[in-house]
Protein chains: 2
Amino acid sequence: MSELPGRFCSIAAALEVVGDRWSLLAVREVSLGHHRFGEILEGTGAPRDRLSARLKALVEAEVLERRQYSDAPPRSDYHLTPAGKDLLPVLRSLMAWGDRWAVETPPVTLLHHDHELRPTTVCGTCGEKVHGADVHRRSNTPTT
Amino acid sequence: MSELPGRFCSIAAALEVVGDRWSLLAVREVSLGHHRFGEILEGTGAPRDRLSARLKALVEAEVLERRQYSDAPPRSDYHLTPAGKDLLPVLRSLMAWGDRWAVETPPVTLLHHDHELRPTTVCGTCGEKVHGADVHRRSNTPTT
DNA sequence: GACCCTCAGTTGGGAAATCGAACCGACGCG
DNA sequence: CGCGTCGGTTCGATTTCCCAACTGAGGGTC
């Protein structure tokens with residue numbers, strides 16, 4: 001992780017890992033069950049070399065795991081690590097935003113069990129739905 | 001919005017708008033109450049020209065609004081539109097991910113009223129906490 | 001009015017990332 | 001042997017990015 005010029009925060013840190021043009025789309029493809037290079041290539045539309053580099057970086061960052069599933073011919077596929085699975089809420093919120101503000105017709109709907117999923121953020125501590133006005137920042141408590 | 005080569009989805013559409021290196025950081029700065037160009041510049045660490053271009057694009061995409069608050073000298077500042085405010089859940093989930101997987105020490109804590117906010121995704125329809133295994137995709141219902 | 005400062009950009013040129021297309025090597029098939 | 005597939009890598013051209021310098025409108029001071 002390089003020295004960042006701006007304010008340090010975990011959003012910037014997260015974007016250092018998955019903030020480029022293709023990473024999140026690659027994670028989306030893997031999460032959709034497309035594990036092989038060619039599938040991810042087609043699903044994302046990324047150039048081969050970019051995808052190759054990104055997958056390498058995501059494996060390095062432990063977002064994806066590369067598994068060799070055949071020796072002859074040598075074939076491997078990509079799977080989500082725990083960190084990768086933890087990106088799914090990010091993808092869901094991004095998709096919800098895109099549905100609302102970046103496309104005319106939402107192309108897919110997520111199903112939660114048998115009904116529509118409407119992703120909603122609540123506070124894990126008190127269970128209450130989160131409204132922007134209720135949230136404030138606290139500097140890191142310097143208690144070592 | 002250009003023609004995308006890969007699978008069409010709202011995640012890709014969202015990333016077309018805010019998927020570059022500086023957009024989300026700029027939105028973060030504005031959401032933190034830093035509305036002026038110089039503040040956003042310092043907070044993000046972006047080059048001036050990049051930031052200028054990004055802010056222009058975000059205004060164009062109706063994520064930010066530019067308001068002239070002084071004629072002499074001509075000064076304007078940037079505010080979140082409804083679409084911009086709707087990005088806050090994305091930022092929160094990204095921050096939660098970064099806290100967990102991209103930094104050692106979470107530098108800030110969000111407060112919900114007077115206690116720690118732990119962002120959690122629930123289904124808005126049934127209120128149940130969302131687990132990845134419960135979520136499935138449905139193609140767009142072609143019912144016009 | 002001369003001088004210097006701030007703020008919000010714009011401009012220019014070089015460095016770096018990105019792109020599409022072509023190529024490569026290991027293998028499988030007939 | 002010749003062809004096709006899969007998963008990349010390499011190449012050259014294009015695009016984007018970054019940094020530093022400049023602009024331009026105005027303000028503050030003497």
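Nothing here was measured: the structure is a model prediction, and the numbers come from that model. Atom set for the values below is all heavy atoms of this structure, side chains included, hydrogens, waters and symmetry mates excluded. Residue numbers begin at 1 in each chain, while the letters A, B, ... track the order of the sequences.
Atom pair B:Gln68:CD and D:dG26:C1' shows a separation of 13 Å (rounding to whole Å applied). Between A:Lys56 atom NZ and D:dG7 atom C1' there is a gap of 11 Å when expressed in whole angstrom units. Protein atom CZ of A:Arg50 is 7 Å distant from nucleotide atom C1' of C:dA17, rounded to whole Å. Rounding to whole angstrom units, CG of residue B:Leu51 and C1' of D:dT16 are separated by 16 Å. In this structure, NE2 of B:His35 is placed 17 Å from C1' of C:dC7, rounded to the nearest angstrom. Rounding to whole angstrom units, CZ of residue A:Arg54 and C1' of D:dG7 are separated by 18 Å. In this structure, the CZ atom of B:Arg75 is 10 Å from the P atom of D:dG26, given to the nearest Å. In this structure, CZ of A:Arg21 is placed 10 Å from P of D:dT16, rounded to the nearest angstrom.
A sub-4.0 Å separation between OP1 or OP2 of D:dG8 and a side-chain N or O of A:Ser52 is absent. Contact check, A:Tyr78 against D:dG8: a side-chain N or O comes under 4.0 Å of OP1 or OP2. Within the 4.0 Å cut-off from OP1 or OP2 of C:dA17, not a single side-chain nitrogen or oxygen of A:Trp22 is found.
Residue A:His79 holds its NE2 atom at 10.0 Å from NZ of A:Lys85, rounded to the nearest 0.5 Å.
Using a 4.0 Å heavy-atom criterion, one finds that B:Arg66 contacts the sugar-phosphate atoms exclusively.
Considering all non-hydrogen atoms of both residues, A:Asp77 and A:His35 come closest at CB-O, 3.3 Å. Summarising the geometry of B:Val103 relative to A:Ala13, their closest heavy-atom pair is CG1-CB, 3.3 Å, with the distance given to 0.1 Å.
No hydrogens or angles were tested; on distance alone, nothing pairs the side chain of A:Arg48 with the base of C:dG20 as donor and acceptor under 3.5 Å. With hydrogens and angles ignored, no donor-acceptor pair under 3.5 angstrom links the side chain of B:Asp49 to the base of D:dC17.
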Full working for salt bridge (Lys or Arg N to Asp or Glu O under 4.0 Å) between B:Glu16 and A:Arg21 | CA-CA 9 Å; B:Glu16 277 290 290; A:Arg21 186 157 172 54; 3.4 Å; yes
Could you check B:His34 against B:Glu29 for side chain to side chain donor-acceptor pair (under 3.5 Å), going step by step and ending with a plain yes or no?
-> CA-CA 5 Å; B:His34 303 135; B:Glu29 285 305 308; 2.8 Å; yes
